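Have a look at the structure that comes next, please.
Keep in mind the model is a prediction, meaning the values are calculated, not measured. Here is how names work: the chains are called A, B, and so on, in the same order as the sequence lines, proteins then strands, and each is numbered from 1.
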Amino acid sequence: MSEPLSVSQALSLAKGSLEKLSATIVGEISEYSDKPGYKAVYFTITDKSAALPCMMWRSAFDKLEIALKQGTLVEVSGFFSVYIAKGRMNFSAQTMRLAGEGDLRLKVAQLARKLEAEGLMSPARKLPLPEMPGRIAVVTSPRGKAIHDVMRTLRRRFPLAEVQVVGVPVEGEAAPKALIEGIEVAQRAQSDVILLVRGGGSYEDLMPFNDEALARAIAASRVPIVTGIGHEPDNSIADMVGSYRASTPTAAAEHVVPDIRDLKVKLEEQSRSLSAALSNRVGRMDSILASIRSRALFADPLFMVGGYLQNLEQSAQRLFVAVPNALRSDIHRVEMLRGRLARVASTLFSPQQSKLQLLAAQLESLSPLAVLARGYSIAYDAKGHVVDSVSTIDLGDVLDVRVSDGEYHCRVETKNQIDRVGSDLETDADE
Amino acid sequence: MSEEHKAVTGTELEELTFKQASEELEAIVRELEGNQLELEESLIRYERGVALMRMLQSRLQGAQQKVSVLLGQIEPESDDSIDTSLS
């Protein structure tokens, strides 16, 4: 008998044996721990009656692009092992892939990533939906509830639209091609919007709606496509590339049409607005008229001429004041002119005047009267001739003698002839 | 009404789609509410609006769903008429 083993030794022994035991196992993930920073991810796979704790090194796991999720069916390959510290058996997975539906989902996810990278899901590509479609094509199975749900919904909400039924198989291998053809038929029939719908089913049932060619046909459609495929939370590729994704056929039908009840309500509102707007318009016109009517122009007959009248009165007033004013200033000016004229006149005549005075003085000095003033006298004969010689008179002649301040008569009594040289004339005269 | 104007809004009612008619009605209501129109023009628009409204109402009242089958053959609905939205 050998020596008893230590616990560590025993577990090491078991670990060595177990690790020779490799296997590929399919199971559903029941619990998992995928914490960043840990060197490995830990999960348990189960079937109906057994559970197997598993681990996978993170370096290997990260390459897989698999998100661990409860319920996911996976296929793992690796070997059994023992975690010595706890004495627990586990399975060390070296590879892992999704199994069954999980596998399908992975493939769909990869296609989705590819199409998204191509821009087929870009919001900019999505066509706007018509507000009130006149023709609605429904591409779906002619059997089953979906088509009836859609027709019932459209009838209830918007019976004005024509429903174009494009019945095609939606399951099986031929479905994608048939769906593509259905979309083409709908476009040719000049639908305003296409409903691409089917009722709920298993993930596998919905696979035709994850077809790449169908996705490309949807993305290329000239008519907006609204999808209503299966039910939440399933999301097919068709949902992603369509113009709008509704969760069910009924929801899709509801989304593409307005509700006739809303339309009726709106129409009633419009009817009221229409009447209100017109009576408003007329009412406003009326109040404008009223305000015009109440203006002074119509209230006061003199209003229109009043202004002119007032102006006229003011003008007259100003005229009354202005005329005497103007006259006054004219008079003043005339007087000024007269003054100036007078002054000018005096200066005009003064040279002549002084000349005249001079002449007068000269004249006066020459006047015989001046000589008379010095004591001389002038004798005139009866005939008025100046007696300047004794020869012209006879004795007894009466002469008039002029002196400075008067004259007197005298009679010649004597007369003598005097030599003119060196002698004065002597005349004897009586008074 | 000018010829040009007639060309814009004078389309025969029967020729209009429901959408066209309701858009025109909406525009008329807005115009009237905008209060920028001459009174005469307001009355003309109002009349047109009323005609459009009557036409729309009668279409809504009398609407019958028209179905045309382009492909396939619709099978009658089975007895239970549960919406797939609930399934």
* Can you tell me how far CG of B:L70 sits from CD of A:Q164, rounded to the nearest 0.5 angstrom? ->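 These two atoms lie 5.0 Å from each other.
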
* Asked: Taking atom CD of B:Q57 and atom OG of A:S271, what is their separation to the nearest 0.5 Å?
  ->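 Spacing of CD (B:Q57) from OG (A:S271) equals 6.5 Å.
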
* Asked: Is chain A contacted by the side chain of B:Q73, its backbone, both, or neither, given a heavy-atom distance below 4.5 Å?
  ->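 Contact with chain A involves the backbone of B:Q73 alone.
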
* Could you give me the CA-CA distance, side-chain angles and deciding distance for B:V67 and A:E162, then say whether side-chain contact (heavy atoms from CB on, under 4.5 Å) is met? => CA-CA 6 Å; B:V67 176; A:E162 178 189 342; over 6 Å; no

* Part of B:T17 within contact of chain A (heavy atom distance under 4.5 Å) ->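 Answer is neither: B:T17 stays 4.5 Å or more from chain A.
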
* Is there side-chain contact between B:E26 and A:K266, with heavy atoms separated by less than 4.5 Å? ->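 In contact.
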
* Asked: Using non-hydrogen atoms only, which part of B:E31 is less than 4.5 Å away from chain A: side chain, backbone, both, or neither?
  ->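 Neither part.
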
* So which part of A:I136 gets closer than 4.5 Å to some heavy atom of chain B, the side chain, the backbone, both or neither? ->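 For A:I136, neither part sits under 4.5 Å from chain B.
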
* To do: List the steps and the verdict of side-chain contact (heavy atoms from CB on, under 4.5 Å) for B:Q61 and A:K264.
  => CA-CA 9 Å; B:Q61 302 304 339; A:K264 283 176 179 167; 4.0 Å; yes

* Check each atom of A:R188 against the heavy atoms of chain B and say whether the ones under 4.5 Å are side chain, backbone, both or neither. =>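 Answer is neither: A:R188 stays 4.5 Å or more from chain B.
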
* For B:E33, is it the side chain, the backbone, both, or neither that has a heavy atom closer than 4.5 Å to a heavy atom of chain A? ->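 The answer is both parts of B:E33.
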
* Asked: Run the side-chain contact (heavy atoms from CB on, under 4.5 Å) check on B:L25 and A:L267 step by step: do they pass?
  -> CA-CA 9 Å; B:L25 177 58; A:L267 213 52; 3.6 Å; yes

* Asked: Heavy-atom distance under 4.5 Å to chain B: side chain of A:A161, backbone, both or neither?
  ->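 The answer is the backbone of A:A161.
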
* Which answer fits B:L52, side chain, backbone, both or neither, if we ask what part of it has an atom under 4.5 Å from a heavy atom of chain A? ->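 Neither the backbone nor the side chain of B:L52 comes within 4.5 Å of chain A.
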
* CD (B:Q20) with more than 12 external heavy atoms under 6.0 Å ->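 For B:Q20, atom CD is crowded (more than 12 foreign heavy atoms under 6.0 Å).
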
* Shortest non-hydrogen contact from B:Q65 to A:L154? ->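 For B:Q65 and A:L154, the tightest heavy-atom pair comes out as NE2-CB, 3.5 Å.
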
* To do: List the atom of B:G49, the atom of A:L274, and the distance in Å for their closest heavy-atom pair.
  =>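 The pair with the smallest heavy-atom distance is C-CD2, 3.5 Å.
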
* Asked: Checking A:V168 against chain B: side chain, backbone, both or neither under 4.5 Å from a heavy atom?
  ->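 Just the side chain, heavy atoms under 4.5 Å.
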
* Asked: Closest heavy-atom contact between A:H148 and B:E75?
  ->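 What the structure gives for the nearest pair is NE2-O, 2.6 Å.
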
* Asked: So which heavy atom on A:G182 is nearest to which on B:L71, and how close?
  ->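 Closest approach of A:G182 to B:L71: CA-CD1, 4.4 Å.
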
* To do: Hey, could you give me the CZ/CG distance between B:R45 and A:L278, rounded to the nearest 0.5 Å?
  =>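 B:R45 CZ to A:L278 CG: 12.5 Å, rounded to 0.5 Å.
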
* Asked: Roughly how far, to the nearest 0.5 Å, is CD1 of B:I28 from OG of A:S273?
  ->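 The distance works out to 12.5 Å.
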
* Part of A:S275 lying under 4.5 Å from any heavy atom of chain B ->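 Both the backbone and the side chain of A:S275 come within 4.5 Å of chain B.
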
* Which residue pairs pass the salt bridge (charged side-chain N to carboxylate O under 4.0 Å, His left out) test with at least one member in residues 125-141 of chain A, sequence neighbours excluded? ->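 Every pair satisfying salt bridge (charged side-chain N to carboxylate O under 4.0 Å, His left out) with a residue in residues 125-141 of chain A: there are none.
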
